Amino acid sequence: MTITEKILSEANKKVVKPGEIIEVDVDFVMSHDGTSPPAIRSFEKIADKVWDREKIAIIFDHNIPANTIGSAEFQKVARNFSKKQKLSHFYSHGEGICHQVLPEKGLVEPGMVIVGADSHTCTYGAFGAFSTGMGATDIAMIYATGKTWFMVPESFKIEINGKLSNDTSSKDIILNIIGKIGSEGATYKSCEFCGKTVEEMDVSGRMTITNMAIEMGGKNGIMEPNQNTLKFLSERTGKNPSEFKIFKSDHDSQYEKEFYFDISELEPQISCPNDVDNVKPISKVTGTHIDQGFIGSCTNGRLEDLKDAYEILKGNEIHSDVRLIIAPASAEIYKKAIDLGYINQFIESGAIVCNPGCGPCLGGHMGVLTKGETSISTTNRNFKGRMGDSESEVYLSNAKVVAASALKGYIESPSDIRLE
């Protein structure tokens, strides 16, 4: 059996197999300021009290601080609900993006079944949990009962080996994978990432890869916890690694498909407009004009990403025609970046540093594009109109490439900046 099959068997209290429709007990459920109100309205039609106030989190991150009357009203609904239900995990003061905050707060553990009213809930698979996104009515039922249903997904084995170059990161790995498999190539599949590269990867890199499993249609992305992960989880939960419920795929696990990637010679990957799987090596798009750069999001707003940007921007000034926006993924990351001098350098270089949140990623606020503008971004989606006007364009890359491009005014390789 695969990791996913084992976790779902545990949650279903009997052995399951791919294609089977099952009901499971949910360990944790999450919604944010954009998705909580629809879930709350549906919940209030069927129940008065949540099933477990300790296992629900509501996090304000998509439009924080509120940028319209509508978003302020949404937040008021969620705020009142959290007070009424006495939820233990309510984060409304800029703590950060939901997918960063939950692991930081020690609310994610291996073997858990976690669902969220956000498609990138698959991020928690980096910690060996089964996690996936759902719609508001499904979340409402979980609020009320603590249960939901799934069709057990078939699994794809995605093995990654090799060592990254100085210009590349885990973002380039996952963009390369999505480019090969396609944006619909893994629809409703469990994307299981393994291999020497994954075994040695830090927590940030692992989260980036599982975060984007949904961009190839995956039901979930998942990895066996490595030593870096267990150390992170122990520090956050106060538990010894031996206390975690860790599942591993059997050697004879059955996969629908198997993929193998050697990333040793990989150059920075760029996802070009207007599909995430429209991936090209940077050498094919160098020189493309940009108006804006964005470093942040649940994909690449972590401290490691800010460090990458800092190393490129240090002692340099952003091109006069470019707006570079930087938003740390959480308040914790923001504070660490201040202590390390990153934020001061960003400001000196001419960047605009925003509070933790999703903001520009979804074209919400703090960086909306107008007609004819182009952005290069560390986010996860570049659909038409994703970051603003339907006639704007978005390129996706790692943080080093965004920083290098912001210095030049066009898409540029980090190695060319270092050579100057």
Side-chain angles (χ1 to χ4, degrees), residues 28-40 56-82 87-108 114-124 126 131-136 139 143 204 207-208 210-212 214 236 294-303 305-306 325-337 352-368 377-381 386-388:
F28 205 85
V29 59
M30 174 278 300
S31 59
H32 53 66
D33 50 329
T35 56
S36 292
I40 291 166
I56 298 171
I58 291 180
I59 303 167
F60 289 2
D61 61 3
H62 273 54
N63 293 287
I64 181 75
N67 62 318
T68 65
I69 293 172
S71 62
E73 290 173 346
F74 260 44
Q75 291 175 12
K76 185 176 181 180
V77 170
R79 193 176 287 112
N80 290 342
F81 176 77
S82 297
L87 301 186
S88 298
H89 307 292
F90 178 54
Y91 305 103
S92 63
H93 292 84
E95 288 87 351
I97 302 173
C98 53
H99 307 309
Q100 183 67 30
V101 172
L102 258 62
E104 283 183 355
K105 301 297 183 182
L107 300 175
V108 175
I114 305 173
V115 296
D118 186 273
S119 58
H120 293 102
T121 302
C122 51
T123 304
Y124 315 131
S131 59
T132 193
M134 285 187 162
I139 295 299
Y143 281 172
S204 174
M207 290 176 72
T208 296
T210 53
N211 173 274
M212 292 193 71
I214 186 65
R236 302 293 172 164
F294 176 57
I295 297 171
S297 84
C298 59
T299 313
N300 286 117
R302 283 173 275 278
L303 192 65
D305 302 298
L306 301 187
I325 301 166
I326 300 175
S330 73
E332 178 180 312
I333 291 169
Y334 200 161
K335 288 186 285 187
K336 288 180 178 177
I352 302 167
V353 181
C354 299
N355 63 281
C358 303
C361 176
L362 66 150
H365 64 148
M366 299 190 297
V368 177
S377 171
T378 65
T379 53
N380 42 48
R381 289 181 175 156
R386 170 67 176 180
M387 293 182 73

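Note that the coordinates shown come from a computational prediction; the quantities given were computed from them, not determined experimentally.
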Heavy-atom nearest pair, Ala331 first then Pro356, reads N-CG, 3.6 Å
Looking at Asn355 and Ile64, would you say the former's side chain and the latter's main chain have a donor-acceptor pair under 3.5 Å? yes
Is there a donor in the side chain of Arg386 and an acceptor in the side chain of Ser377, or the other way round, less than 3.5 Å apart? no
Among residues at least two apart in sequence or on other chains, which ones pass ring-ring contact (aromatic ring centres under 6.0 Å, His included) with Phe90? Phe60
Listed partners of Asn300 passing side chain to side chain donor-acceptor pair (under 3.5 Å), at least two apart: Lys171, Thr208, Asp305
Sequence neighbours excluded, which residues qualify as ring-ring contact (aromatic ring centres under 6.0 Å, His included) partners of His120? none
Measure the CZ-CG distance between Arg236 and Leu107 for me, rounded to the nearest 0.5 Å. 11.0 Å
Could you grab the distance from atom CE of Met207 to atom SG of Cys122, nearest 0.5 Å is fine? 11.0 Å
Does the Asp33 side chain pair with the main chain of Ala78, one donor and one acceptor, at a distance under 3.5 Å? no
Rounded at 0.5 Å granularity, tell me how far CE in Met212 sits from OG in Ser119. 10.5 Å
So which atom in Met366 and which in Gly359 form the shortest heavy-atom distance, rounded to 0.1 Å? CE-CA, 4.3 Å
Residues at least two apart in sequence or cross-chain that pass salt bridge (Lys or Arg N to Asp or Glu O under 4.0 Å) with Lys336, listed by chain then number, are Glu332
ring-ring contact (aromatic ring centres under 6.0 Å, His included) against Phe294, all qualifying residues, sequence neighbours excluded: none
For the residue pair Pro65 and His365, what are the closest heavy atoms and their distance? O-CE1, 3.3 Å
Nearest heavy-atom approach of Ser31 to Tyr143 is OG-OH, 2.5 Å
Classify the side-chain pair His99/Asn211 by whether it contains a donor and acceptor separated by less than 3.5 Å. no
Side chain to side chain donor-acceptor pair (under 3.5 Å) partners for Ser92, two or more places apart: none
Closest heavy-atom pair and its distance - Ile333, Pro328: CG2-CB, 4.1 Å
Between atom SG of Cys98 and atom CE of Met30, what is the distance when rounded to the nearest 0.5 Å? 4.0 Å
Are Val101 and His32 packed together at the side-chain level, in the sense that at least one heavy-atom pair is separated by less than 4.5 angstrom? no
Can you tell me how far apart CD1 (Ile97) and NE2 (His62) are? Round to the nearest 0.5 Å. 8.5 Å
CG/Leu362 to CG/Asn380 distance, rounded to the nearest 0.5 angstrom? 10.0 Å
Checking Ser131 side chain against Ile114 main chain: does a donor-acceptor pair fall under 3.5 Å? no
Are Phe74 and Ser36 close enough that some pair of their side-chain heavy atoms sits under 4.5 Å apart? no
Are the side chains of Val115 and Ile139 in contact, using a 4.5 Å heavy-atom criterion? yes
